[in-house]
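Keep in mind that what you see is a predicted model, and the values were worked out from it rather than measured.
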Amino acid sequence: MMLDRRLNAFRPDLAEAALQGKVEAVRFTDGEPAMIGEPVVDLRPRPDPGSGIDTQLLLGETVRVLDRADGWAWIKADADGYVGYLPETALCPVVASTHVVLTPRTFVYSGPDLRFPVKAALSMGSTVASVGEAETRGTRYLLLADGGALVANHCGPAAEPVGSDYVSVVARFVETPYLWGGKSGFGIDCSGLVQLALRMTGRSAPRDSDMQASCLGEPIDREQLRRGDLVFWKGHVAVMEDGQMMIHANGHTMTVARERLDDAIERIGWLYDAPTGYRRPIAEM
C-alpha cells in the first residue's frame, strides 16, 4: 500500500523511525523536539518557498525535527502528524505553554498598554508562556518573557477547552478570508476550520477533508443532519449550524460564510457533483 506522504516522513536518504521495516532509507531517526516560535508558519511539501502550502502551524505548536539543511527543517507535527518543510528560523526550544488565544485574532503589544506598539498578531489556537500579569487603566495583560503583553481576556488556560459546542467556535470565523492550506484567523480553509474549532473544544481531528471524510466520527444519512454534523464533497467539507444552514470556508465567496445546504448542493453540483457523505464528529452535542 502506498504510504501517504502527508502523514509519513520518508525519503531515500532519511525516514522517521516508525517506518523502519516499511520503507527503504539510508538512515532512520526519531527526530528532536522543537516548538513553533512565530505567529503562523507555512508547512510546504518541498523545501521551496515557491511551492504551495499544505497547512500551517501556530505559535506554540510542537513538532519533531527530522532534518535541517539549507535553512529548512523537515518536521512532523505532534498534533496531527502532518509532515513537511518550514523555515528553520521558525523553530525554537520547547517551553511549557500556560495560555491559549481564544479570540480569532489578537495583538502582542511591546508592553502592558494598548497604546504601545504592536509586536505581532496571533491567531486563535496560538499558545504562549506567561511569566506574570499587569494591569493598566483597568485592562489586564499577560506578560511574556520577551517583554510582550497580550490582553488577558483574549486568552484562557492552555489545558482547558473553551466548551463543548465547536460550532460556536466555527461561527466566530465568519467573514475570515479563505486561504488554501490556511489554519488561522488570518486565513483558513474548509478542513482547517473544522480541525481548529474541534481542537479548541478539546477534540482532535485529521487535517485534510479526505482524512476527515474517512475517519472523523461516524457516518450518518442526510436525513439525520443536525448541528455539528459535517457534509463532504470531493475536496470540501462544511459544518451544519442546524438542520438547514451550514458554515464553510469556501472558494466561492473566498470567505468563511453561511449558506443553505440545499443551495450549496445545487451550486456545487455542476462542478463537483453531489455530496460524497455525511458524518457526525461528536456523538453528543
Side-chain angles (χ1 to χ4, degrees), residues 53-56 58 79-80 82 102-105 123-125 161-285:
I53 68 173
D54 279 338
T55 185
Q56 294 178 320
L58 303 178
D80 59 16
Y82 221 104
L102 303 179
T103 53
R105 294 159 295 276
S123 166
M124 178 189 289
V162 299
S164 61
D165 182 14
Y166 89 100
V167 183
S168 64
V169 180
V170 169
R172 299 185 73 181
F173 284 87
V174 168
E175 297 190 357
T176 298
Y178 176 86
L179 176 66
W180 180 274
K183 199 186 73 174
S184 82
F186 307 107
I188 201 162
D189 67 14
C190 61
S191 53
L193 179 62
V194 171
Q195 186 191 51
L196 180 56
L198 283 170
R199 173 190 160 195
M200 295 302 295
T201 55
R203 304 172 177 94
S204 61
R207 173 58 179 91
D208 293 339
S209 63
D210 63 323
M211 302 174 187
Q212 295 171 359
S214 66
C215 66
L216 182 56
E218 59 186 17
I220 58 172
D221 296 326
R222 180 179 175 182
E223 293 74 23
Q224 297 175 280
L225 285 174
R226 68 186 189 194
R227 182 178 177 85
D229 291 339
L230 302 174
V231 182
F232 292 93
W233 287 263
K234 182 181 179 181
H236 188 59
V237 60
V239 179
M240 296 303 297
E241 193 169 27
D242 54 34
Q244 294 79 39
M245 294 295 296
M246 65 184 209
I247 303 175
H248 59 151
N250 68 93
H252 177 63
T253 65
M254 289 301 292
T255 63
V256 177
R258 289 183 170 89
E259 187 172 8
R260 286 183 57 84
L261 174 60
D262 290 343
D263 293 343
I265 289 175
E266 180 178 358
R267 177 180 60 79
I268 296 171
W270 70 272
L271 186 60
Y272 293 111
D273 210 350
T276 57
Y278 309 88
R279 297 188 75 91
R280 180 160 295 157
I282 303 170
E284 296 294 334
M285 292 296 296

For residues 177-185, run the donor-acceptor check on the side chains, cut-off 3.5 Å, and write out each pair with its distance to 0.1 Å, sequence neighbours left out.
from	atom 1	to	atom 2	distance (Å)
Lys183	NZ	Gln56	O	3.1
Lys183	NZ	Glu61	OE2	3.1
Ser184	OG	Phe186	N	3.0

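Two residues are said to be in side-chain contact when any heavy atoms from C-beta on lie closer than 4.5 Å; Phe173 and Ile247 fail this criterion. A heavy-atom distance below 4.5 Å is found between the side chains of Arg207 and Asp189. Under the 4.5 Å side-chain criterion, counting only non-hydrogen atoms from C-beta, His248 is not in contact with Leu193. Side-chain atoms of Ser164 and Arg203, non-hydrogen and from C-beta on, do get closer than 4.5 Å to each other. Proximity of Asp80 to Ser204: side-chain heavy atoms (C-beta onward) are nowhere separated by under 4.5 Å. Counting heavy atoms from C-beta on, the side chains of His236 and Asn250 come closer than 4.5 Å. Between Arg279 and Val237, every side-chain heavy-atom pair lies at or beyond the 4.5 Å cut-off. Between Val169 and Leu196, the closest side-chain pair of non-hydrogen atoms is not below 4.5 Å.
Annotation: the span from Met246 atom CE to Leu261 atom CG amounts to 6.0 Å, rounded to 0.5 Å. Taking CD of Gln212 as the start and CD of Gln195 as the end, the distance is 7.0 Å to the nearest 0.5 Å. Remark: Gln224 CD to Arg280 CZ distance equals 6.0 Å, nearest 0.5 Å. Taken from CD in Gln244 to CG in Leu225, the straight-line distance is 9.5 Å, to the nearest 0.5 Å. One finds the CE atom of Met245 at 8.0 Å from the CG atom of Asp263 (value rounded to the nearest 0.5 Å). Here the OG-CG distance, from Ser209 to Leu216, works out to 11.5 Å after rounding to the nearest 0.5 Å.
No donor-acceptor pair under 3.5 Å is formed between the side chain of Tyr166 and the backbone N or O of Met200.
Comment: Asp165 engages Arg227 in a salt bridge, judged by a side-chain N to carboxylate O separation of less than 4.0 angstrom.
The two atoms that bring Tyr278 and Asp221 nearest to each other are CD1-C, 4.4 Å, heavy atoms only. The heavy-atom pair separating Arg258 from Glu241 by the smallest distance is NE-OE1, 2.8 Å. Pro161 approaches Gly202 most closely through the heavy-atom pair CB-N, 3.7 Å. The heavy-atom pair separating Leu58 from Met124 by the smallest distance is CD1-O, 3.4 Å.
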Audit row: Asp208, Asp54, side chain to side chain contact (heavy atoms under 4.5 Å, CB included) steps and yes/no: CA-CA 9 Å; Asp208 293 339; Asp54 279 338; over 6 Å; no
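With sequence neighbours excluded, the residues that form a side-chain contact (heavy atoms from CB on, under 4.5 Å) with Thr255 are Thr253, Ala257. For the side chain to side chain donor-acceptor pair (under 3.5 Å) test, residues two or more places apart in sequence or in another chain that qualify with Asp262 are Arg222.
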